[in-house]
**Student:** 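Sharing a structure, written as structure tokens. Questions coming.
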2 protein chains.
Amino acid sequence: MREKNSADRCECTVIHEEVVNMVKSKMPDEEKLYDLAELFKVFGDSTRIRILWALSESDMCVCDIASLLNMTQSAISHQLRILKQTRLVKNRKEGKVVYYSLDDGHVKQVFEMGLFHINE
Amino acid sequence: MREKNSADRCECTVIHEEVVNMVKSKMPDEEKLYDLAELFKVFGDSTRIRILWALSESDMCVCDIASLLNMTQSAISHQLRILKQTRLVKNRKEGKVVYYSLDDGHVKQVFEMGLFHINE
DNA sequence: TGAACATATGAATATATAATCATACGTATA
DNA sequence: TATACGTATGATTATATATTCATATGTTCA
């Protein structure tokens, strides 16, 4: 029955039904794959990735980052919010100044994985 | 002089000029970070990530994938083109049928890295 | 050769999202 | 307490991109 519905939607004959069923049984939860895509999406923007890279070198305040990347304070602040929501960065407030830093060590590992691929 | 320009753009005083200069000297090439963002962007779509995951289980033809993911053949075909351009998948033709498979082993590693983060 | 089918693709549409702009908020200090 | 400054944020705009739709391409087989 599920196959029928799929066939309706994909408008083509299932060529290898056994393969499809096997793969379907092994696929992770839909939700988990969506979360994974969301995580990668955060890394998939050059502004955010440059912010993350910068923070892997040193904690910095919003103004520092804006200066470093030659962008407006507002643009940086918006992106930092996204990075914070994803728990990739955290911040601490000292008076008027807010310092941002990486929230965990995985960020660097994900970077290295990506560069490894590119450098081939 | 570079600092002046940055200050113009970021519309705020550089708070820690030494930090900014230090980080600036350690940042990878702009181009490399853009490439990295582009790579992650490809992973940052749930359709593409589900395709990649499926192909990590078994080679499949376009029709199989469309059936598996309950999407149209056209949508899958468009996404496969992007995955092929990024050299994440490759294909072989057998008659009318085109079989897609992962182009290298890094894909799986990148997945695992991402899931590791999510599962915390 | 013509019909059927698997796949690819250009154009159009719909939606997501990054940057900008104006402004609000919070803190230090004069 | 008024001003200056660092930061945050809602609304708008501009752009990117995922999907759909219609159709083209290429292959098999009768």
Side-chain angles (χ1 to χ4, degrees), chain A residues 7-17 19-20 34 37-38 40-51 59-86 89-101, chain B residues 6-17 19-20 34 37-38 40-52 59-86 89-101:
Chain A
D8 289 350
R9 182 68 176 287
C10 84
E11 74 203 23
C12 59
T13 308
V14 179
I15 313 274
H16 312 90
E17 200 160 347
V19 172
V20 173
Y34 277 96
E38 286 304 309
F40 282 123
K41 197 175 291 181
V42 176
F43 284 91
D45 174 83
S46 61
T47 297
R48 283 192 295 268
I49 222 167
R50 285 183 298 158
I51 291 174
D59 297 5
M60 279 192 279
C61 67
V62 179
C63 194
D64 284 347
I65 301 171
S67 171
L68 173 71
L69 302 185
N70 199 31
M71 292 179 65
T72 66
Q73 171 270 322
S74 180
I76 298 299
S77 193
H78 277 298
Q79 295 307 325
L80 283 171
R81 185 167 49 80
I82 294 172
L83 291 171
K84 197 182 172 188
Q85 283 170 351
T86 330
V89 307
K90 60 190 174 191
N91 57 15
R92 70 176 191 282
K93 200 167 184 178
E94 289 184 11
K96 292 181 293 189
V97 183
V98 179
Y99 292 93
Y100 280 84
S101 56
Chain B
S6 295
D8 288 350
R9 184 69 175 287
C10 84
E11 75 202 25
C12 60
T13 309
V14 178
I15 313 274
H16 312 89
E17 200 162 344
V19 173
V20 173
Y34 277 96
E38 286 304 309
F40 282 124
K41 198 176 290 181
V42 176
F43 285 90
D45 175 83
S46 61
T47 297
R48 284 192 295 268
I49 223 167
R50 284 182 300 158
I51 292 174
L52 289 172
D59 297 5
M60 280 193 279
C61 67
V62 179
C63 195
D64 285 346
I65 301 172
S67 170
L68 174 70
L69 302 184
N70 199 30
M71 293 178 64
T72 66
Q73 171 270 321
S74 179
I76 299 299
S77 192
H78 277 297
Q79 295 307 326
L80 283 171
R81 185 167 48 79
I82 293 173
L83 290 172
K84 196 181 173 191
Q85 283 170 350
T86 329
V89 307
K90 60 191 173 193
N91 56 15
R92 70 176 191 281
K93 200 167 184 178
E94 289 185 12
K96 292 181 294 191
V97 182
V98 179
Y99 293 93
Y100 282 83
S101 57

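Chain A is the first sequence line, chain B the second, and so forth, proteins listed ahead of strands; every chain is numbered from 1.
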**Student:** Which residue lies toward the 5' end of DNA chain C, B:V97 or A:R48, if each is placed at its nearest nucleotide?
**Tutor:**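 The residue closer to the strand's 5' end, by nearest nucleotide, is B:V97.
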
**Student:** Output yes when at least one side-chain N/O atom of A:K41 is less than 4.0 Å from OP1 or OP2 of C:dT17, else no.
**Tutor:**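 Indeed, a polar side-chain atom of A:K41 lies that close.
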
**Student:** Atom CG of B:L69 and atom P of D:dT20: how far apart are they, to the nearest Å?
**Tutor:** 12 Å

**Student:** Please work out if A:L80 contacts a base, only the sugar-phosphate, or nothing of the nucleic acid, heavy-atom cut-off 4.0 Å.
**Tutor:** nothing

**Student:** I'd like to check the side chain to side chain donor-acceptor pair (under 3.5 Å) partners of B:K84; sequence neighbours left out, ordered by chain and number.
**Tutor:**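 In terms of side chain to side chain donor-acceptor pair (under 3.5 Å), with neighbours along the sequence ignored, B:K84 is linked to B:N91.
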
**Student:** For the CG atom of B:D45 and the CZ atom of B:R50, what is their distance to the nearest 0.5 Å?
**Tutor:** 8.5 Å

**Student:** Between atom CG in A:N91 and atom P in C:dT27, what is the gap in whole Å?
**Tutor:** 13 Å

**Student:** For the pair A:S77 (side chain) and A:Q73 (backbone), establish whether a donor and an acceptor sit closer than 3.5 Å, ignoring hydrogens and angles.
**Tutor:** no

**Student:** Working to the nearest 0.5 angstrom, can you tell me the gap between B:Y99 OH and B:D59 CG?
**Tutor:**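 Atom-to-atom, B:Y99:OH and B:D59:CG are 9.5 Å apart.
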
**Student:** Provide, to the nearest angstrom, the distance between the CD1 atom belonging to B:I76 and the C1' atom belonging to D:dA18.
**Tutor:** 11 Å

**Student:** Taking any heavy-atom pair under 4.0 Å as a contact, classify B:I65: base, sugar-phosphate, or nothing.
**Tutor:** nothing

**Student:** Whole angstroms only, please: what is the CD-C1' distance between B:E94 and C:dA6?
**Tutor:**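 Value for this atom pair: 13 Å.
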
**Student:** Is A:Q73 side chain donor-acceptor paired with the D:dA8 base, going by distance under 3.5 Å alone?
**Tutor:**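 Such a pair exists between side chain and base.
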
**Student:** Round to a whole Å and report the spacing from CD of B:Q85 to P of C:dT9.
**Tutor:**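 Taking atom P of C:dT9 as the reference, CD of B:Q85 is at 9 Å.
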
**Student:** Between C:dT27, C:dT7, D:dT7, spot the one nearest the side chain of B:V62, thanks.
**Tutor:**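 Of C:dT27, C:dT7, D:dT7, C:dT7 is nearest to the side chain of B:V62.
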
**Student:** Which one, D:dC5, D:dA8, D:dG26, comes nearest to the side chain of A:K96?
**Tutor:**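 So the nucleotide nearest the side chain must be D:dC5.
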
**Student:** Between atom CZ in A:R92 and atom P in C:dG26, what is the gap in whole Å?
**Tutor:** 21 Å

**Student:** With respect to the side chain of A:D45, which nucleotide from D:dA18, C:dA18, D:dG26 is positioned closest?
**Tutor:**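 Out of D:dA18, C:dA18, D:dG26, the nucleotide with an atom closest to A:D45's side chain is C:dA18.
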
**Student:** Quick check for you: among D:dT19, D:dT20, D:dG6, whose closest atom lies nearest to any side-chain atom of B:T47?
**Tutor:**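 The listed nucleotide nearest to B:T47's side chain is D:dT19.
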
**Student:** Main chain of B:S101, side chain of B:R92: is a donor-acceptor contact present, judged purely on distance under 3.5 Å?
**Tutor:** no

**Student:** Taking OP1 and OP2 of C:dA8, is either one under 4.0 Å from a side-chain nitrogen or oxygen of B:Y100?
**Tutor:** yes

**Student:** Compare the minimum distances between each of D:dA18, D:dT20, C:dC5 and the side chain of B:A75, then state the nucleotide with the smallest one.
**Tutor:**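 Nearest to the side chain of B:A75 among the choices is D:dT20.
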
**Student:** Produce the list of close N/O pairs, under 3.5 Å, pairing protein atoms with atoms of nucleotides 10-14 of chain D; give distances to one decimal.
**Tutor:**
{"from": "D:dG10", "atom 1": "O6", "to": "A:H78", "atom 2": "NE2", "distance (Å)": "2.9"}

**Student:** I need the OH-C1' distance between A:Y99 and D:dA8, as an integer number of Å.
**Tutor:**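 Distance check: A:Y99 OH to D:dA8 C1' gives 17 Å.
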
**Student:** Parallel, tilted or perpendicular: which describes the rings of B:F40 and A:F40, with under 30° parallel and over 60° perpendicular?
**Tutor:**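 Ring orientation of B:F40 relative to A:F40: parallel.
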
**Student:** What's the closest nucleotide to the side chain of B:C63 if the choices are C:dT7, D:dT9, C:dT27?
**Tutor:** C:dT7

**Student:** To the nearest Å, give me how far apart CG (B:D64) and P (C:dC5) are.
**Tutor:** 17 Å

**Student:** Indicate yes or no for a side-chain donor-acceptor contact from B:R48 to the backbone of B:F43 under 3.5 Å, with no hydrogens or angles considered.
**Tutor:** no

**Student:** Nearest to the side chain of A:Q79 - C:dA18, D:dG6, D:dA18?
**Tutor:**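 Nucleotide nearest to A:Q79's side chain: C:dA18.
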
**Student:** Going by heavy atoms in the side chains, are B:L68 and B:D64 under 4.5 Å from each other?
**Tutor:**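 Heavy-atom side-chain distance check fails, nothing below 4.5 Å.
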
